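Heads up, the thing below is written out as structure tokens.
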Amino acid sequence: RWRACSCCSRGSAGVGSRSSAPESGPAESQSDTAAVVLAAGPGSRFAGSTHKLLAPVRGRPLVWHAVSAATDAGIGPVIVVTGSVDLAEALDGLAPIHWAHNPDYASGLASSLQVGLTAADHLGARAVVVAPGDQLGVPASAWQAVGRCTERPIAAATFAGERRPPTRLDRSIWSELSRTGDEGARSLFRPRPDLVAEVPCDGTPHDIDTVEEYRRWT
């Protein structure tokens, strides 16, 4: 059975690193957990003039908002998994960021998650908190709440009862995650509900896949 996480209160495959600011700050404060932002996909459903992650929202590229929440959370080093588009300029000023490139990004989300886990392993992380790069409304408090929930191997954020990323994945279950296809941790949710604790979070979890969804935010 699912259960709520009692340890949390409600929140209000090469690897490299590059930063636009000194290698210090809250994002390096807790080395046993890494934040992983999955930003490798082609965004093929977005029929705009640019890649959806580069589309401007409130004066910043869409992906900036997701990565900014991860860095502001301060749960540990922030890894951005890239693939179809270069995000260095879009994320200029957010630091420190560790970059992990997925050359096989077209195969689906699972390969990007594996690249992120490999990067986290290189950094010595014992757990990761993962979310996609196209979530605009997930605040730093959601990353923090999920990162604090350690009583089960998987901590899944819920927003008004809906399970959505970010998701905490303990190192003990990394080897059980799918390596192919478009499912990440969800591949374990159904067969192994005993592994999962739910974490109620504030914010809006919906991602942006289409121009119509993008326009609702602009």
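Everything numeric in this text was worked out from a predicted model, so none of it was measured.
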Exercise. Can you list the steps and then say if Trp143 with Asp72 is a side-chain contact (heavy atoms from CB on, under 4.5 Å)?
Worked result: CA-CA 9 Å; Trp143 287 83; Asp72 288 349; over 6 Å; no
For this session: Could you go through the side-chain contact (heavy atoms from CB on, under 4.5 Å) check for Thr150 and Arg168 one step at a time?
Result: CA-CA 8 Å; Thr150 60; Arg168 181 185 183 276; 3.7 Å; yes
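Between Leu169 and Ile154, some side-chain heavy-atom pair lies under the 4.5 Å cut-off. Contact check for Gln114 versus Leu177: side-chain heavy atoms found under the 4.5 Å cut-off. Proximity of Ile79 to Val128: side-chain heavy atoms (C-beta onward) are nowhere separated by under 4.5 Å.
To the nearest 0.5 Å, atoms CG (Asp86) and NE2 (His51) are separated by 11.5 Å. Note that CG of Leu87 and NE2 of His101 are 11.0 Å apart. Values are rounded to the nearest 0.5 Å. Taken from CG in Asp170 to CD in Glu151, the straight-line distance is 12.5 Å, to the nearest 0.5 Å. Remark: Arg148 CZ to Thr33 OG1 distance equals 12.0 Å, nearest 0.5 Å.
Every residue meeting the salt bridge (charged side-chain N to carboxylate O under 4.0 Å, His left out) condition with Glu162, not counting sequence neighbours, appears here in chain and number order: Arg164. Partners of Arg171 according to the salt bridge (charged side-chain N to carboxylate O under 4.0 Å, His left out) rule, which considers only residues two or more places apart in sequence or in another chain, are Asp121. Qualifying salt bridge (charged side-chain N to carboxylate O under 4.0 Å, His left out) partners for Glu213, counting only residues two or more places apart in sequence or in other chains: none. Scored by the salt bridge (charged side-chain N to carboxylate O under 4.0 Å, His left out) test, Asp104 finds no partners at all (sequence neighbours excluded). Every residue meeting the side-chain contact (heavy atoms from CB on, under 4.5 Å) condition with Pro42, not counting sequence neighbours, appears here in chain and number order: Ser84, Tyr105. With sequence neighbours excluded, the residues satisfying ring-ring contact (aromatic ring centres under 6.0 Å, His included) with Phe46 are Tyr214. Ser112 is linked by a side-chain hydrogen bond (donor to acceptor under 3.5 Å, both in side chains) to Asn102, counting only residues two or more places apart in sequence or in another chain. Partners of Arg192 by side-chain contact (heavy atoms from CB on, under 4.5 Å), not counting sequence neighbours, listed by chain and number: Glu176, Asp194, Leu195. With sequence neighbours left out, Arg186 forms a side-chain hydrogen bond (donor to acceptor under 3.5 Å, both in side chains) with no residue at all. With sequence neighbours left out, the side-chain contact (heavy atoms from CB on, under 4.5 Å) criterion links Ala110 to Ser178.
Proximity of a side-chain donor or acceptor of Arg152 to a complementary backbone N or O of Val196 within less than 3.5 Å is detected. Panel note: side chain Asp182, backbone Leu109; a donor-acceptor pair is recorded below 3.5 Å.
Closest non-hydrogen pair, Val129 versus Gly147, comes out as CG2-CA, 3.8 Å. Closest non-hydrogen pair, Ala156 versus Phe189, comes out as CB-CZ, 4.0 Å. Between Ala90 and Leu54, the closest heavy-atom pair is CB-CD2, 3.7 Å.
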Distance-only donor-acceptor pairs under 3.5 Å for side chains of residues 62-69, two or more places apart:
| unit_1 | atom_1 | unit_2 | atom_2 | d |
| --- | --- | --- | --- | --- |
| His65 | NE2 | Val57 | O | 2.7 |

Can you give the donor-acceptor pairs under 3.5 Å from side chains of residues 130-139 to other protein atoms, not counting sequence neighbours?
| unit_1 | atom_1 | unit_2 | atom_2 | d |
| --- | --- | --- | --- | --- |
| Asp134 | OD2 | Lys52 | NZ | 2.7 |
| Gln135 | NE2 | Pro165 | O | 3.3 |
| Gln135 | NE2 | Pro205 | O | 2.8 |

